[in-house]
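Worksheet: one structure, shown below.
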Amino acid sequence: MTRAFLPLASAVGLALLAGSAWSQGKVVNVYNWTDYIAEDAPKAFQDATGIKVNYTTYDTNEILDAKLKTGKSGYDVVTPTMSPHFARQKAAGLFRKIDKAQLKNYGNLDPEIMKALARYDPGNEYGVPWMWGTTGIGFNVEAAKKRLGDAPVDSLKLIFDPATVAKFKDCGVMMLDSPTDVLPAALLYLGLDPDSKKVDDLEKAADVVRKVRPSIRKFTSAEMINALARGDICLAFTFSGDVLQARDRGAKAKPTAVEVNYAIPREGSQLWIDVMAIPRDAVHVAEAHRWIDYLLDPKVAAASSDTVGYASGNKAAVPLMKTDVSGDPLIYPPEPVRAKFFTISPGDPDHVRLRTRLWTNIKTGR
Amino acid sequence: MSATARTVARGAPWGRAATILVPYLWLLLFFAAPFAIVAAISLGDYTPDTVPPVTLTWSGKAYALLVGDALYAAAYLNSLRIAAIATIVTLLIGYPMAYTIARAPAGWRGPLLMAVILPFWTSFLIRIYAWMGILSENGLLNQVLRGSGLVDDPGTLLGTEWAIYLGIAYAYLPFMVLPLYASLEKMDAALLEAAADLGARPWTAFRTVTLPLSLPGIVGGCLLVFIPAVGEFVIPDLLGGTGTLMIGKVLWDEFFSNGDWPMASAVAMAMLVVLVAPIVLFQRARARDLAGR
Amino acid sequence: MPALIRIEGVIRRFGDIVAVAGVDLDIQAGELFALLGGSGCGKTTLLRLLAGFEAPDEGRIVIDGVDMTGVPPYARPVNMMFQSYALFPHMSVARNVAYGLERERLPRAEIEARVAQVLDLVELGAHAGRKPHQLSGGQRQRVALARAIVKRPKVLLLDEPLAALDRKLRERTQLELVELQRRLGITFVMVTHDQDEAMTMATRIAVMDRGRIVQVGAPAEIYEQPVNRFVADFIGLANIFEGDIVGRSDGLLRIRCGPLGGEIAAPAVAGLAGGAVSLAIRPEKLSLRRDDAANTGGLAGHVRDVVYLGDESIFHVALQTGATVQVTRMNAQRRASAAITRGDAVRVTWADDAVVVMPQ
């Protein structure tokens, strides 16, 4: 028995040692979305600065949220979505202020995006925008043509008008499993304020979703890209990035290519911005600033946008991108479309609870 | 007495104490302590602007909501129902497998059991994703069905409750097969000959002898599948439809979507209470099985 | 009267092994028939062929005039008592016994009456509610018996029925079984490796060796007139020698046998007129006397060893011819004053008809 204790004790000892060494050296612990950076960026940063990057990834805001709220996450840079997650986390005091003096590339940021972000982070004190996009309609081009002819696809009617959605039921409809993304769009469809916190308004929005629910195969946040690209579904309400990735994958699909496209609803689209922030309990604050500043380098930002196909929060990077990214109106929409972007505020706990509850009831048909 | 012998003699009681202590220490560290923490959180208040977002108060507000809102009871009942059906499906698939393996030539049993366990050397998540690929609209199953010309429009299994049953049956099959195999394998083959000799046709012999004697295995296997299936989250989320209300998903929503730790903890505590009955049943069955040996 | 059981040219192979290598046998109704042999002789396989657990590769089995080929165990008019008893562990004694009757879909009341009757017969009426694991070995054996006879089969098959019992219980149960068999009038076919058991119980015995039946007969016949060396050696003790037939006179064969001191006489056996033969003399058929002036004749030798068994003793005698023989003597007196002991010079004699002549 005593012998069995020894390896256990030494393992624990080693872990403790490793932990202390980890916090002393020149390292930065980055927690980012999956597939959200040019692949060689961490290595290039390490070569340029001598700071080792521990790069780990997540794929839902909720996982990041839970880790931050538990405290002592061990991360130095995280990338939550502006609203509601970043806003709520900031309110809970989870982040430390950005020292802009340490960011020599700060001036490269897009003022328009900074302004949108300032609604939740006045003075942009806690967050630095990384990439942004819209929420809209992904569709299978062939299926849409067959069902709608040449009628326009860039309308919320496509996903909220029961008769229209029903036409797509046979080929598959999916919707984001996210009340904070779907309910504001439903409010907008009704001509109401998408950021309304009124209970009545929320109930009305919920009814809109309830009416189309029979045509929806699944509410999900994770399966849309593959489902669209494989032709398993023909209509989806989701983030721009998902659909644009599905568009690329579908074009390469075997044996026959699947043509997928994206439409930004003309009624307006919820703007999402993913924000780099430094947790309050971060240990490597200086290194965190170096990392953020490195990503603000226009060349680095442009390479990342080229790789993942999202619009960058870095204005100076745009001219350096491939033209099929910077010139794509679905990635960088023209001014009239941008004018109708909206964002929503986090809401208080009672509102959150009500929203989640409404959503559960919608999904389970209660 | 030699020096070595003396050391051994002195060391032995200490060693024995440690041996007894280790499982208790393990339980304390990895069951009792986390359980106490979750219990304490479940009684606290949800305070979104603190880290962590809970204040320990013993108010028990979460439990009031748990009882007051019909959603939770509905979620528990639905979880129990789905877990029960999935368990029956697993039993119907697992019993013939365990039976065949137990009756196979001795040299074959090891490899066959291995074959049952082998898929579990790959990641659970990857295997469930593979099922998504098989069951989806243009997935393997439908391609085969269409290709065979048997069915033109087979429909989609993915997203239905049957996909959940299938997923659970697949994922938990070894937990069903192994206890069943254990109880079937130790059964004396002469008992079936005796039954036949006394006039029982094969099916009657199975019903009156094999089945009752494998009852401990059936109870054990069913509970080993049922208990985790009630709280299963990944399989219903990935294979099931949106409309499937299960307690695992409710818990996920409480914790991740709402960030309401006390409520999530209360849901978890209530799940434990719901499962106490089957767990006690399982322990009884095991004790009886051991005593009968 | 036609035989109740008729086994015709039955062969059963397991892969390369021939377990039953061509058996022809008739068993009459009312017999207590024993299949006797060492392990691997095919006796259990033959019993299982009768029960229907095995099917013959060649030949056929007819029971009560019905060809059993293709008839499954559950449809045969036989019941078996298993060596391991094979009692259903999850059923009470009464349920075990009732099992076979329930399969016949008899009325509840009749089942209960017959179960009670047969449990009384085996003196287990008081234990009807117990589970098998709550019973002693002897009680379990009687449950197994009750379960097998309650269906009133035409034939009861018994596979080493007493092997699991200790010696005292076994000897008592042997007689109880015989008594029971007479009362019920059921034909018993019993497999055993124990020659004493076979001799004590059976009306007829079939001695088996390597898948074949070597000799069939009543116990005394098999003991006194074994057909070959194997049987003589397998059943009881025997002194066995080689010899040559040299002539015939007065219905006796003249046989030259060096170990027995030259030429001896033995009763004639049909079919044996000359050539090399084996001779067997049972130890109790040899007489032992002290070698002194009063006793001449027979063969001289000395006692090498004495095995004392209580009721009798076995003397190992080294003859002057070079052979060693075993001689048994009853210990009729408690303290024989003139007891023969180790090292004593003795003379061994026998009657002519004590010698059994067998083909080599």
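Keep in mind that this is a model prediction, so the values were computed, not measured. Numbered from 1 within each chain, the chains take letters A, B, ... in sequence-line order.
Expressed to the nearest 0.5 Å, how far CD of E193(B) lies from CE of M80(C) amounts to 7.0 Å. Taking CG from L198(B) and CZ from R103(C), the interatomic distance works out to 9.0 Å, rounded to the nearest 0.5 Å.
Both the backbone and the side chain of F88(C) come within less than 4.5 Å of a heavy atom in chain B. Of the atoms belonging to R48(C), it is side-chain heavy atoms, and not backbone ones, that fall under 4.5 Å from chain B. With a threshold of 4.5 angstrom between heavy atoms, M91(C) approaches chain B through side-chain atoms but not through N, CA, C or O. Proximity to chain B is limited to the backbone of L87(C), based on heavy atoms less than 4.5 angstrom apart.
Per-residue heavy-atom pair counts under 4.5 Å with chain C were compared for A195(B), A205(B), P202(B), P212(B), and the maximum is reached by A195(B). Most heavy-atom pairs under 4.5 Å with chain B: of the set G100(C), A75(C), P153(C), this distinction falls to G100(C).
Surrounding CZ of R81(B) are more than 12 heavy atoms belonging to other residues, nucleotides or ligands, all under 6.0 Å away. Within a 6.0 Å radius of OH in Y76(B), more than 12 heavy atoms belonging to other residues, nucleotides or ligands are found. Around atom CZ of R204(C), more than 12 heavy atoms belonging to other residues, nucleotides or ligands sit under 6.0 Å away. The environment of CZ in R182(C) is sparse: at most 12 heavy-atom neighbours from other residues, nucleotides or ligands sit within 6.0 Å. Surrounding CD of E123(C) are at most 12 heavy atoms belonging to other residues, nucleotides or ligands under 6.0 Å away.
In this structure, T208(B) and H90(C) approach most closely via the heavy-atom pair O-NE2, 2.9 Å. Across all non-hydrogen atoms, the minimal contact from L191(B) to A86(C) is CD2-O, 3.3 Å. Closest of all the heavy-atom pairs between A200(B) and Y99(C) is CB-OH, 3.5 Å.
Side chain of D197(B) to main chain of A51(C): no donor-acceptor pair is present (N/O by atom type, distance under 3.5 Å, no hydrogens or angles).
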Practice problem: Test side chain to side chain contact (heavy atoms under 4.5 Å, CB included) on Y74(C) and T204(B) and set out the steps. | Solution: CA-CA 11 Å; Y74(C) 54 80; T204(B) 310; over 6 Å; no
